[in-house]
Amino acid sequence: MLNPAQEQAVRSTEGRLLVLAGAGSGKTRVIVHRIAHLIREKGVSPLSILGLTFTNKAAAEMRERLESLIGSAEARQTTLSTFHSFCMQVLRKEIGRLGYTRDFTLYDERDLERLIKQLARDLLGHDGELPSLAPTRAALSDAANKTASGEDHTWHDKFSKELFGRLQSTLRAYNAVSFDNLIHLTIRLFEEHPDVLDRYQERFRYLMIDEYQDTNPAQFRLAELLAQKYGNLCVVGDDDQSIYGWRGAEVNHILHFKADRTIKLEQNYRSTPSILDAANAVIARNKNRHDKKLWSEGRPGEPIEVFNAPTDAEEAEAVAARILRFHEKEKLKWRDIAILYRSNALSRSLELALMQIAWQKEGHWVRGIPYEVFGGLEFSERSEIKDLFAYLRVIANEKDEEALLRIVNVPRRGVSDSFLDELTQENRSRKIPLWNLLEEIASGKRDAGSHVRGAAGVRTFVSLIESAKKRFATPPLADSLRWLLEEMQYKKAIEEEVKSDKMRLFKWENVEECVNALAQYEAGSEEPSLMDFISNSALGKPVFPAEKKKGHEDKVQLMTLHSAKGLEFPACFIVGLEDHILPHEKSMAETGVEEERRLFYVGITRARKWLTLSMARSRMRMGKAQPTNPSRFLFEIPKHLLNPTGHKI
DNA sequence: CAATAAGGTATTTTT
DNA sequence: TACCTTATTG
């Protein structure tokens, strides 16, 4: 069943093991079998096993496969979760040691962004130009990683250092934690409290990390801390698929891992030899990597089709036509086909072409091919859901000022922005939480001055939240949420604010979906709590049915090369293969060509049987048609593997 | 204060 | 082109 290399990886249970798992080499299989081997053959308790992944999906898949291998009773006792979920679990228990309370809120990137903007504005005074957010955030994460090195002589260094400090103390005051903090605080917990660390080291004696090439320095540190005592650390990954350098992932972690043993998995069970030859040839140009060469059994397979079209619109039409051909000639399902691109902006023309193409189905003409854009607006990103969650957040943690500010005037209660500005200024100078200030206003302790309407609004809001807090203290939660919706007259608010009938209905359905999700969560959880529900959602666990369904319907899949990692499709299209797009012009200075090449490599290795590469000679950029050049990476594929065709079929 | 107009901007985003 | 943020106006 397992090939020799896989077998070796499974049997190497002690010490530090590096498994270099090429694309499609059965990585998950190895991890799952290794865990099974530890439990069944080595007598290791499942409770001692910790598997860390980057995505909930990977963790879920691992758990599922482990369950079918060794049965769910034992599989459930292992800890298989994302870095962030793991840290969340630890901190919910132990964060008291760091001076936070256990009801802290997890801030997502949006929350954080808003907070940073606001703090940056305060810091600069209202006169200075606000530096754009991207460099500021980059500087912030630098500041986070540098940990007080003295190099802050440039203006921007000082600015970001100060901003970083303020961000941390503000988060503290809000009893909130960012994604990064989740990891950083866990590290701090372990470093400052050796007794706590020891407990976790004793508990988790066998540590495995998936997608190790994506670890950032904090995650690296965390893993090393946990593995320090027993030294059983197995890391699995592929340096050639390291594509998150721009987010702080450090390829050097996998390149320089101090291993007692290294095993390469090079046999591929996914793609045809032709596709692998192309992938190997491309990635071989990279200098900074572990030498590897993927191979697979069988006939070479179909050649890689490559074409260029005069314009991006025609490129998209050609892709749509080819998809139709795959569907009809090869009897592929729509979901067997993926279109991959470097940036989201490229999806537009593809979507248009897929919608417009006409074809015959059972003798009738139909228009359009079903498709799904991966990473479109998430359910939980929709405004009505965010509003609702903001309510839940305030109920669970009234210090959560981001959430508070979002909803004081939702639905409209006459609390104006200027009044809120005044209040936020005051709460900061008096160093009291905004919520307390609102309470003062509601009770008349603090005069609202000219804001008569605003004060009335605050009063209704405060009493709403206060009674909600009491309500939510007794289960079931879903009933409390229904009560809250009734009490705040949210349906009426939506009816008044939203113009189109369709949208109104849609939004209300989403709200109902939210109630269902909470009920479902409550039914399936051992000790349900409001905060846990909110955290799960913030951690990206699929709490809504719409999120669970994703990628399972029979639709052509459109996604970026980044989000394609880990997936596979019988037929793949990689579009927009032009210099400045892939490699992307902006990436060159940052993470360099090698990461862009790896991105292309990831794309190629998603395809099982058919791979089509395309480009447009002219592309719309900022509303203007611009001439383009073919991607330099195209020339790195050996010619004999390519089958150049016209854009028309 | 809200609706509207103009202007600037546009890589990737596991949690 | 299309979006989001900011400035202006009634």
Side-chain angles (χ1 to χ4, degrees), chain A residues 52-61 81-88 106-114 117 121 126 129-130 132-134 137-138 141 177-183 210-211 213-216 218-219 237 241-249 312-313 340-349 352 374-375 378 380-381 409 412 414-420 451 453-454 497 499 535-542 559-567 576 580-591 595-596 598-600 602-603 619-626:
Chain A
L52 294 176
T53 65
F54 281 83
T55 65
N56 292 302
K57 208 169 146 191
E61 191 192 339
S81 65
T82 64
F83 273 94
H84 296 271
S85 300
F86 173 71
C87 291
M88 178 64 89
L106 177 62
Y107 268 22
D108 67 20
E109 297 297 333
R110 291 276 173 83
D111 294 317
L112 203 63
E113 194 167 291
R114 278 177 48 172
K117 263 189 194 163
R121 219 177 315 236
H126 288 263
E129 260 312 292
L130 206 57
S132 67
L133 210 66
R137 296 222 46 187
S141 68
V177 159
S178 67
F179 283 119
D180 283 348
N181 278 170
L182 226 36
I183 316 269
D210 186 25
E211 305 279 16
Q213 76 282 355
D214 290 336
T215 45
N216 66 25
Q219 289 155 337
Q241 293 187 70
S242 165
I243 54 175
Y244 284 102
W246 53 276
R247 278 198 100 198
D312 46 353
L340 313 179
Y341 37 79
R342 174 66 235 256
S343 62
N344 287 310
L346 301 189
S347 77
R348 191 176 304 281
S349 54
L352 207 67
F374 198 88
E378 293 291 332
S380 54
E381 307 261 283
N409 199 33
R412 289 190 197 289
V415 185
S416 69
D417 283 350
S418 62
F419 187 32
L420 276 176
H451 303 280
R453 275 183 68 155
E497 310 244 326
K499 287 160 202 155
S535 295
N536 282 345
S537 169
L539 283 168
K541 299 187 181 168
M559 65 186 81
T560 63
L561 288 162
H562 282 91
S563 27
K565 196 178 70 164
L567 304 177
H580 302 299
I581 292 181
L582 189 73
H584 197 282
E585 51 186 345
K586 292 207 174 154
S587 73
M588 302 297 267
E590 294 275 315
T591 40
E595 183 154 313
E596 294 294 295
R598 292 193 288 260
L599 205 43
F600 187 40
V602 166
R619 183 172 297 277
M620 295 292 275
R621 283 162 73 84
M622 295 198 217
K624 286 253 186 298
Q626 299 279 334

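Protein chains get the first letters and strands the later ones, always in sequence-line order, with residue 1 at the start of each. Side-chain atoms are counted along with the backbone in the values below, which use heavy atoms only and exclude waters and symmetry mates.
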What is the distance from [atom1] of [X] to [atom2] of [N], rounded to the nearest Å?
{"X": "Leu340(A)", "N": "dT13(B)", "atom1": "CG", "atom2": "P", "answer": "12 Å"}
{"X": "Lys586(A)", "N": "dT12(B)", "atom1": "NZ", "atom2": "C1'", "answer": "12 Å"}
{"X": "His84(A)", "N": "dT15(B)", "atom1": "NE2", "atom2": "C1'", "answer": "4 Å"}
{"X": "Phe374(A)", "N": "dT12(B)", "atom1": "CZ", "atom2": "C1'", "answer": "14 Å"}
{"X": "Phe600(A)", "N": "dT12(B)", "atom1": "CZ", "atom2": "C1'", "answer": "17 Å"}
{"X": "Met622(A)", "N": "dA10(B)", "atom1": "CE", "atom2": "C1'", "answer": "6 Å"}
{"X": "Gln213(A)", "N": "dT14(B)", "atom1": "CD", "atom2": "C1'", "answer": "11 Å"}
{"X": "Glu585(A)", "N": "dT12(B)", "atom1": "CD", "atom2": "P", "answer": "12 Å"}

The criterion is side chain to side chain contact (heavy atoms under 4.5 Å, CB included); which residues satisfy it with [X], sequence neighbours excluded?
{"X": "Ser587(A)", "result": "Arg342(A), His584(A), Thr591(A), Glu596(A)"}
{"X": "Ser563(A)", "result": "Phe374(A), Met559(A), Thr560(A)"}
{"X": "Thr82(A)", "result": "Thr53(A), Asn56(A), His84(A), Ser85(A)"}
{"X": "Arg348(A)", "result": "none"}

Requested in this report: State whether the side chain of Asn409(A) and the backbone N or O of Val415(A) hold a donor-acceptor pair below 3.5 Å, judged by distance alone.
Outcome: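 Between the backbone of Val415(A) and the side chain of Asn409(A) there is a qualifying donor-acceptor contact (under 3.5 Å).
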
Query - Any donor-acceptor pair under 3.5 Å from Asp210(A) side chain to Gly237(A) backbone - result: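 A pair under 3.5 Å: no.
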
Requested in this report: Flag as yes if Trp246(A) stacks onto the base of dT12(B) (centroids under 5.5 Å, planes under 30°), otherwise no.
Outcome: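 Stacked: ring centres under 5.5 Å, planes under 30°.
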
Requested in this report: Check the geometry between His562(A) and dT12(B) and answer yes if their rings are stacked (centres below 5.5 Å, planes below 30°), otherwise no.
Outcome: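 His562(A) ring does not meet the centre or angle cut-off for dT12(B); no stack.
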
Query raised in the report: Out of Glu211(A), Lys565(A), Arg598(A), which residue meets the side-chain contact (heavy atoms from CB on, under 4.5 Å) rule with Gln241(A)?
Result: Lys565(A)

Using a heavy-atom cut-off of 4.0 Å across all strands, would you classify [X] as base, sugar-phosphate, or nothing?
{"X": "Ser563(A)", "value": "sugar-phosphate"}
{"X": "Thr53(A)", "value": "nothing"}
{"X": "Phe83(A)", "value": "nothing"}
{"X": "Arg348(A)", "value": "sugar-phosphate"}

Of all the choices, [options], which nucleotide is nearest to the side chain of [X] once you look at every atom?
{"X": "Ser416(A)", "options": "dT11(B), dT14(B), dC1(B)", "value": "dC1(B)"}
{"X": "Thr82(A)", "options": "dT11(B), dT15(B), dT5(C)", "value": "dT15(B)"}
{"X": "Lys117(A)", "options": "dT14(B), dT5(C), dA2(B)", "value": "dT5(C)"}
{"X": "Thr560(A)", "options": "dT11(B), dT15(B), dT12(B)", "value": "dT12(B)"}
{"X": "Arg247(A)", "options": "dT5(C), dA10(B), dT13(B)", "value": "dT13(B)"}
{"X": "Ser343(A)", "options": "dT11(B), dA2(C), dT13(B)", "value": "dT11(B)"}

Query raised in the report: For the atom pair CZ (Phe86(A)) and CG (Leu539(A)), what is the distance rounded to the nearest 0.5 Å?
Result: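 It comes to 13.5 Å.
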
Query raised in the report: What pattern of brackets, bars and dots sums up DNA chain B from 5' to 3', given Watson-Crick or G-U wobble pairs under 3.5 Å, [ ] for crossing pairs and | for another strand?
Result: ||||||||||.....

**Report entry** Of Leu561(A) and Phe419(A), the one whose closest DNA chain B nucleotide lies more 5'
**Finding:** Phe419(A)

**Report entry** Contact nearer the 5' end of DNA chain B, comparing Asn56(A) with Asn344(A)
**Finding:** Asn344(A)

Distances for protein N/O vs nucleotides 8-10 of chain C N/O pairs under 3.5 angstrom?
none

Query - Residues that Tyr244(A) engages under ring pair (Phe, Tyr, Trp, His ring centres under 6.0 Å), provided they are two or more places apart - result: Trp246(A), His562(A)

**Report entry** Pairing residues for Tyr107(A) by the ring pair (Phe, Tyr, Trp, His ring centres under 6.0 Å) criterion, not counting sequence neighbours
**Finding:**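 With sequence neighbours excluded, Tyr107(A) shows a ring pair (Phe, Tyr, Trp, His ring centres under 6.0 Å) to no residue whatsoever.
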
Query raised in the report: Can you name the residues that form a side-chain hydrogen bond (donor to acceptor under 3.5 Å, both in side chains) with Arg110(A), not counting sequence neighbours?
Result: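 Arg110(A) satisfies side-chain hydrogen bond (donor to acceptor under 3.5 Å, both in side chains) with Glu381(A) only.
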
